[in-house]
Amino acid sequence: ELGPIFESKLLVVKDYCRNLGRQSSLILFSMFRQFALNLRKPSDNPSKLVGEAFNEEQVLSELEGSAHFQTLRDSSSLRVQLAFVFWNEADMIDLLKILETYPLQDQFAARLHNRLAFTGLAAFAMCHRKDCASYKALGEKCMGHFKFLSKNGSVNARPVYLFLKSMKSPSRDAFSKAIEACAEGKFVNLEAMVNERYAAFLREENDETASNDCITEAYFLYQDWGAHAKALQLSKDHPFLKKLKRKKERSVFSSSHKTANSTVSTGSDDATSKKKMTFSFNSTSKQRKLISVKSEKKK
């Protein structure tokens with residue numbers, strides 16, 4: 001979860017790297033901190049790594065050779081994730097142009113996992129444009145990496161693979177499977193993103209009610225992740241979200257064999273017209289839905 005505790009840990013690691021003279025690690029953890037800050041705090045362009053913790057342009061201008069090459073790879077990997085989350089198509093395209101020049105391999109699995117996940121997601125998101133049709137092949141290569149890992153039993157790869165699959169071939173079934181996998185794996189960040197993309201898909205199908213249900217869920221999931229700047233963006237794009245109040249937050253530590261319920265209301269003071277949205281998560285029966293129920297009239 002993004003937040004002050006996470007940020008304080010990054011600051012400790014940064015001091016440790018500085019004391020040891022590990023400049024490359026210091027740069028990397030500074031990137032991570034700026035990435036977290038961009039998700040938490042509103043900014044003019046959240047897909048750019050520039051702020052109190054890190055300035056990408058300045059740092060890159062001071063590096064040469066392999067140091068510049070590797071730092072650009074790492075910063076672009078984080079930025080394409082931000083561009084995808086905040087849905088900045090221009091930045092996604094610019095970053096894909098950079099990332100497609102790097103080999104689809106890395107000695108550090110976690111770094112490769114993150115880079116290929118969001119390179120693939122951005123590629124499938126943009127390949128519908130005529131000037132970006134070639135990115136479909138890039139997306140398929142990235143998806144192939146997670147398909148292989150998933151078939152070989154990687155529980156971390158399966159939610160990513162299904163998310164990529166839903167972006168490549170959008171359908172209700174594909175998005176539902178991706179959401180279920182992310183929920184069961186407790187990937188709150190990915191679950192929020194899939195719900196938002198599913199909402200966009202449903203809007204195109206003129207299913208406004210279902211779309212609003214998904215965007216509502218994405219809104220609260222982004223808050224659970226700590227991406228308050230993203231949640232704020234959603235509330236501006238969808239004003240009805242500002243009226244919702246949730247009584248109970250999702251817990252990432254709750255048992256997957258239990259049903260966790262949280263309730264939000266429209267904020268209306270009229271007891272007869274007041275509606276509540278109840279979120280039900282039941283991974284045991286593999287059912288997950290957002291239902292609307294009317295409050296009983298107070299006597």
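If you read the sequence from its start, that first residue is 1, and numbering goes on from there. Note: hydrogens, waters and symmetry copies are ignored here, and every other heavy atom, side chains too, is used.
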For a quick check under 3.5 Å, do K230 and Q233 share a side-chain donor-acceptor pair by atom type?
yes
If you round to the nearest 0.5 Å, how far is SG of C132 from CG of L96?
7.5 Å
Contacts satisfying ring-ring contact (aromatic ring centres under 6.0 Å, His included) that involve residues 185-218 (not counting sequence neighbours) are F175-Y198, F175-F201
Side chain to side chain contact (heavy atoms under 4.5 Å, CB included) for M126 and D131? Distances and angles first, verdict last.
CA-CA 9 Å; M126 293 295 99; D131 56 334; over 6 Å; no
State plainly whether one hydrophobic cluster holds both L244 and Y222, where clusters connect Ile, Leu, Val, Met, Phe, Trp and Tyr through side-chain heavy atoms under 4.5 angstrom apart.
yes
List in chain and number order the residues that pass salt bridge (charged side-chain N to carboxylate O under 4.0 Å, His left out) with R203, two or more places apart in sequence or in another chain; answer none if no residue qualifies.
none
Working to the nearest 0.5 Å, report the span between CG of L112 and CG of L104.
7.5 Å
Of the non-hydrogen atoms in S30 and A53, which two are nearest, and what is the gap between them?
CB-O, 3.6 Å
Do any pairs count as a ring-ring contact (aromatic ring centres under 6.0 Å, His included) and have a residue in residues 41-75, sequence neighbours left out, and if so which ones?
F69-Y102
Centre-to-centre under 6.0 Å for F35 and F32, is that the case here?
no
Please list every donor-acceptor pair under 3.5 Å in which a side-chain atom of residues 78-94 meets a protein atom from a residue at least two apart or in another chain.
unit_1, atom_1, unit_2, atom_2, d
R79, NE, S47, O, 2.7
R79, NH1, E56, OE1, 3.3
W87, NE1, E89, OE2, 3.3
N88, OD1, A90, N, 3.3
N88, OD1, D91, N, 3.0
N88, ND2, D91, OD2, 3.2
E89, OE1, R129, NH1, 3.0
D91, OD2, S47, OG, 2.4

Do the non-hydrogen side-chain atoms of F240 and T216 ever get within less than 4.5 Å of each other?
yes
Looking at P46, is its backbone amide N or carbonyl O close enough to the side chain of N38 to form a donor-acceptor pair, meaning the two atoms are under 3.5 Å apart?
yes
Considering non-hydrogen atoms only, spot the tightest contact between I98 and T101 and give its length.
O-OG1, 2.5 Å
Donor-acceptor check, side chain of S169 to backbone of S166, threshold 3.5 angstrom: yes or no?
no
Please list all pairs passing the salt bridge (Lys or Arg N to Asp or Glu O under 4.0 Å) test where one or both residues lie in residues 57-71, with sequence neighbours left out.
none
Return a table of donor-acceptor pairs under 3.5 angstrom between the side chains of residues 142-159 and protein atoms on other chains or two or more places apart.
unit_1, atom_1, unit_2, atom_2, d
N152, ND2, F148, O, 2.7
S154, OG, A157, N, 3.2

For E100, the salt bridge (charged side-chain N to carboxylate O under 4.0 Å, His left out) test, sequence neighbours excluded, returns none
Under a 3.5 Å distance rule, please check whether T119 uses its side chain to pair with a backbone N or O of L116 as donor and acceptor.
no
Qualifying residues under side chain to side chain donor-acceptor pair (under 3.5 Å), relative to Y161, sequence neighbours excluded
none
Can you confirm whether N45 sits close enough to K48 that some side-chain heavy atom of one is under 4.5 Å from a side-chain heavy atom of the other?
yes
Measure the shortest side-chain to side-chain distance between L121 and R197 over non-hydrogen atoms and say whether it is less than 4.5 angstrom.
no
S77 vs F118 side-chain heavy atoms within contact, under 4.5 Å
no
If I take atom CG from residue N212 and atom OH from residue Y219, how far apart are they, to the nearest 0.5 angstrom?
14.0 Å
Minimum heavy-atom separation for A125 to M167, with atom names?
CB-CE, 3.8 Å
Side chain to side chain, H228 and K41, heavy atoms closer than 4.5 Å
no
Looking at E52 and R33, does any basic side-chain N land under 4.0 Å from a carboxylate oxygen?
yes
Given side chain to side chain contact (heavy atoms under 4.5 Å, CB included), test K186 with E191 step by step and report yes or no.
CA-CA 8 Å; K186 294 183 173 60; E191 190 182 355; over 6 Å; no
For a quick test of reading the model, state the closest non-hydrogen atom pair linking L162 to A181 and the distance between them.
CD1-CB, 3.6 Å
Give, for atom CD1 of I27 and atom OG1 of T71, the distance between the pair rounded to the nearest 0.5 Å.
5.0 Å
Can you sort out the partners of Q70 under side chain to side chain donor-acceptor pair (under 3.5 Å), two or more places apart, ordered by chain and number?
none
If you measure from NZ on K236 to CG on L234, what distance do you get to the nearest 0.5 Å?
11.5 Å
Determine whether I215 and N195 make a side-chain contact, defined as any pair of heavy atoms from C-beta on separated by less than 4.5 Å.
no
K177 meets the salt bridge (charged side-chain N to carboxylate O under 4.0 Å, His left out) criterion, sequence neighbours left out, with D173
Looking only at heavy atoms, what is the nearest atom pair of A117 and L164, with distance?
O-CD2, 3.8 Å
Donor-acceptor contact below 3.5 Å, side chain S211 vs main chain D207:
no
The salt bridge (charged side-chain N to carboxylate O under 4.0 Å, His left out) partners of D106 (sequence neighbours excluded) come to R73, R111
Roughly how far, to the nearest 0.5 Å, is CG of L190 from SG of C182?
5.0 Å
Hphob cluster co-occupancy, M193 + L232, side-chain heavy atoms under 4.5 angstrom
no
For K136, the side-chain contact (heavy atoms from CB on, under 4.5 Å) test, sequence neighbours excluded, returns F124, C127, E140, K168
Can you name the closest pair of heavy atoms from A192 and L221 and give their distance?
CB-CB, 3.6 Å
